[in-house]
Structures are given as structure tokens and as C-alpha cells.
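Beneath this line is the structure, given in C-alpha cells, with notes to follow.
Quantities reported herein were computed from a predicted structural model and do not represent experimental measurements. The figures here come from the full heavy-atom set of this structure, side chains too, leaving out hydrogens, waters and symmetry mates. Order of the sequence lines fixes the chain letters, A, B, ..., with proteins taken first and strands second; residue numbering starts at 1 for each chain.
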Amino acid sequence: MAKNIEFVIKPTLRCNGACSYCNVAETGSFMGKPVIEATFRSLAEYLGRNPLDEVTILWHGGEPTLMGEFFFQEVLGLQALISDHRVEHVMQSNLTCMTPALADTLCELLKGGGIGTSVDPFSDYRRLKSGEPYPERWYEGFELVRSRGFRVGMVYVVHGESVGLGKSIYHYFKNVGVDSLTLIPLEEPAREFEGARLDAPSWGKFLLEIYRAWEEDRAMLPVEPFVTWAHFAHDKDSPRCGFPEGLHCCEPTVAVAPTGDVYPCVRLLDVGSGAIGNLVVDSLEKILTRPDALWRSQRRDLLRQGECASCRWWDLCAGGCAAACGFGRKTVWCEGYRLFFEAVNE
Amino acid sequence: MSDRVVVSVPASVARDVDAEALIIRSGRSEEIVGAYRDVGARVHGIELSGFPADALKLAGLPSDLPVVIKLHPRDAAAVYANTWMADRFSLSVLMDVDQGLLQGVTIVTSAAVPVILNLEEIHDASELMSALRYYLHDRRCRVPVEFFHSAFIGCLRGAPVSLLQLYPESPGMNLYVDQALRVTASERLARAGRFFGHVCGGAQVDTSARLWTDLIDHKKNLFVSGSQCASCEAFHLCDGYLRFVDSGFNCEPFLEVFLEIKAKAREMAQDLSEAGDREE
């Protein structure tokens, strides 16, 4: 059976940002030529043997644009190895070091693919190491990529200060002109965080606030996870269901570190835990056949036999983010989801 | 300066301003006619402060010339004595937002003269909603009342048109010259004492002036400053126009009007869609 593979390449874990709630342990250096070449060769060999599989390559970090335009020009050269296959490139970037030359190169690489980005309009948790104002640099980068025709999706981290601002946050992102909005609850930051944390009931309250604004606005701006939930509510046989899919947590995920180490999930890579191979020495096929490459579905099976067995909201939640909660445990946001689903279904 | 920049100038100094496209302003017909004699084909429009008593002197100006009459609602009835102007020119009334607005709009539109609400002269917005309802629901209203009309049609088509588009303050497109030959982007900015240049032959602008950069970066400034406008649910119908000069401006009456426009446009779109479905 053909697979959809999410290939997350983190060419660096370094970042020009210093966001208070970042969950990436900023270590290591930049991906060298041998690793990026091995990554594309490995992918090309795999697709040669599995031509029906589809691959989405997500360029992630750290901040991937720190690699500069010449790195991505090299990638464009390597792209020839897989150009016969169904491969789409997308990127997650803070856009604050975007330049016209880099935007041009990325235009060629990402083609119709989009860029995901983040900004926090009402709190100053997002900062730049240079001391420059994050929102201004972000806005300039945003305008630049928009002028090149990129679709831009917003990933908004919901924290304690977000609660009560759901409607404003929805309209801010709609007004600024992003193409979609994805909501992520603030989980465990990599370093000490003294800001306002989010608890499960507050997450539910915030979801409800923004859902009401979204509904009132006739869903003009696509918001995840609402779009996925609405899709599922209308078509229960849909292959897309549950919060993880709403966040594009596809399985299998191949998350590649700057060293070529592979993890089954982006967040495990971020904390450097649970590598399942290395693309310089292992074939992709070998990595994908390791049992822990499918750890998320194994976790779901386990949860469905255990504490989530009788939950009427399972189809919408699917246990939540596996990496954030641990293998055998349900989502830490369970109470918030229940509050939300019950309120919406009243 | 680009040839496409339209410069609004007092008629008395029109001859001193070297620009390809002029709008000449005055309250006196003689002054307008005199200025037209001086600058002729460069005149793209005329703005009169009220209907002059000797308005007939304007009859010699080219037909179809866009003529805008600035009126307070209480003076609206004067339109009846000057209906010949609507036959001869492309006439519209720029009406102050003040007490009597509904009656003023009703009178002017009943003479088949389009109205533009003058958002540079907002004194009392309490009748704004009644005026909107008149425009939306009264069958006797057969000419546009701006900004209602463009905002409504834009919403209906799914491509909202904002106040900033309808009342442009883009220095690359519109300039405003005051009596002292200082240059800015609109009358309200001139009244607020904000300028970015002066006339010396042509309009000389200082692109490093604070006002210039504020105008160019207007949208960016709203989004990076956490301004209330950035998260306003009617932003697409305003673009921050109402609070550009006075950040404390009370938008409430306008917000209600915007939301009503959006709701009615949605209603009509749905009706049209259902009617289309029935036909199929």
C-alpha cells in the first residue's frame, strides 16, 4: 500500500530567535554536504523502489533559513534525484532572516508549497537574539514571501496570556493575511519559562473562544484543528481524522537531524531522544521497517485498550500529541478537549 | 513625481503648482473659472465648498467634468436649486457626518445626486446607521451613497473595499496642497498640521518626513504595534483609516455600520445563491 511520508529535515537546530517558550534544545551545528547528499540519495533509492509513495519534505529547524541561499541551491541540485516522484516541499520559518535572494531560491524549491511561520501579536515571548524587534522583522519577511506568491500558514502557540484573547487573535491573523492558522498548546519549553503557562481547562476555554469567533466569521480563515474536526464530523470515513492529523503529524514521519540521525517524530528530535537510525549509514527502507517507526499508531492502540477506551471524543482527539504526553499516557489536554467538545456539541 | 499623482490645490494658487493632474478647490465660482482659464486641461476635477450663489458662472466649464460639492446636511436642500449641475457635470455631494445626516442624504439622493460621506468632517456619527438603512432598504434611493455602496458591493463579491481605498491617503497617488503651499496627503492631515513637503514649482516631498513614512508603513505599523485596529473584525472595511489621525477616535458607530454591511451582504449573497439553485 502506498504511503504518505512526512520527511522533516532539520538542517540546523540553531536559531536567530530567543523565544521564551521554545521547546528545541538548541545544540549542534549545520547540516553538511555529505549529510544532505546522503539524505536525498537515500530518499531517491527508496522512492525508486516505492514509486507510489508520496513524500512531503518539511524544512524545519532551529531556523532553516539560517542555512542561506547557497545551501538551498545545493538542495535544488539534489532535487533532480527525486524529481520524477511525488514530492512536495514546505518550510517552517520565523521569516525574520528572509532575504530577496533566499526567497527567490525558495520559490523555485517550494513551488506551490507553503511556509509555516509564527508570531505572537499580544505578548513579547518571541524575541530575536540580536535584540531587534521580532514583530517588525517578521512582518517584513512575511510581506516579502507574500510578494513572491507563497502561501503562508500561521502556527500560533497558545499560552496563559492567550486566554481571553481568542477573538482578537483570530481576527489579527485573518487581517494580517495568513492563509491558515494552526493552534498549538504551549507544552514543555526547553529552558526555564517564567511566563504564563497554560492548563488543560484554559486550553479548552481558549479553543472555545476562538471557535466562536471562527464560526461567527463563517470559517473564513481555515483554523486547525477545527477544519479537520469539521471535515471528520461531515465525513466519518475520511482518512483524515483526529488532532494529530490536524497538525499534519503523519505516520511515518522521518525527522532528520543535522547529523543525519533519524527520529520518528519532530519533537523527539528536538529533545534528542529515541533515534531510529542515521541516513548516512542506514537505508531509509531499513529505518522505516523498525517497529518504533510506527510508535504513534502503537500508542493509539494501547490507549484505546486502556484509559481512552470509552471516550466518546476519541475520533477527534486520538490521544493528542504522542511526544508531548509519552507513549503510554493520554493527552495532558484531555480535560480541555472534553470541555470544548461538550460545549460545541451542546 | 509621477504624472498620475492627482494634486488637490486651492484655486487661488493653482497656477503656481506644476502638476499634470489637478483638482481645484474653492467656494467661489469666479475663482474656479479663473483657475480653469489658467490651467485648463490639467484640471481633473473641481471641489466646491457649498453651492455658490453665482454657480451659473460655472456653466461654461467643460461638461462631464467631475464636480464635488462639500455640503453640511443642513444645506442639502440647495441641491434642488442647482439640479442643472447634475445634468451638465459628473456631480456628487461630499456630505459632512453630522446631525441631520439622514435627512441630508435623503434630500440629495432624491435629486439623483450621489453622496459621499465626508469622513474628514465627522462631528456626530449618531445617524450613520439610519443613513445606511436608508441606503440599503429604501427603494427611493437609486444612486450610490459612499462609502456604504462600495463596501456593500465589495462584501457581496467577497472582495471587501476599505475606507483607505475609498478615501485614499497614498502620497504616491494623491497630494493635498493648502493655502500656504504646504503639501500633505489629505485635508484632514492638513487640518492636523501634518505635512511632508511644499510647493516649489512642482510638489516637493520629503520622503524622510515622519508623516510620509507613517503613510507608507501604515499597515505594517498597525500589525507590529499591537494596535486595536489589527484585531478589529471590520479591519478589511477600514484598513485603519478612521484612527490614522487620532488613535483615540471612537469607531463604535462605524463598527456597527460595518458589521451591518457585512451581515446584509451575506444575506443577499445567500438569497442570490438560493435563487440560482432554484433556477437550476
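- Note that CD of Q228(B) and NE2 of H171(A) are 13.5 Å apart. Values are rounded to the nearest 0.5 Å.
- Once rounded to the nearest 0.5 Å, the distance linking NZ of K220(B) with CD of E143(A) reads 9.0 Å.
- Interatomic distance, CE of M220(A) versus NE2 of H236(B), reported as 8.5 Å (0.5 Å rounding).
- Ring planes of F223(B) and Y172(A): perpendicular class, angle over 60° (limits at 30 and 60°).
- Here the CD1-OG distance, from I169(A) to S231(B), works out to 9.0 Å after rounding to the nearest 0.5 Å.
- Counting heavy-atom neighbours within 6.0 Å of K205(A) NZ, excluding the residue itself, gives a total of 12 or less.
- Inter-residue side-chain proximity for K174(A) and F235(B) is flagged as unmet; no heavy-atom pair is nearer than 4.5 Å.
- Within 6.0 Å of the CZ atom in R157(B), the count of heavy atoms belonging to other residues, nucleotides or ligands does not exceed 12.
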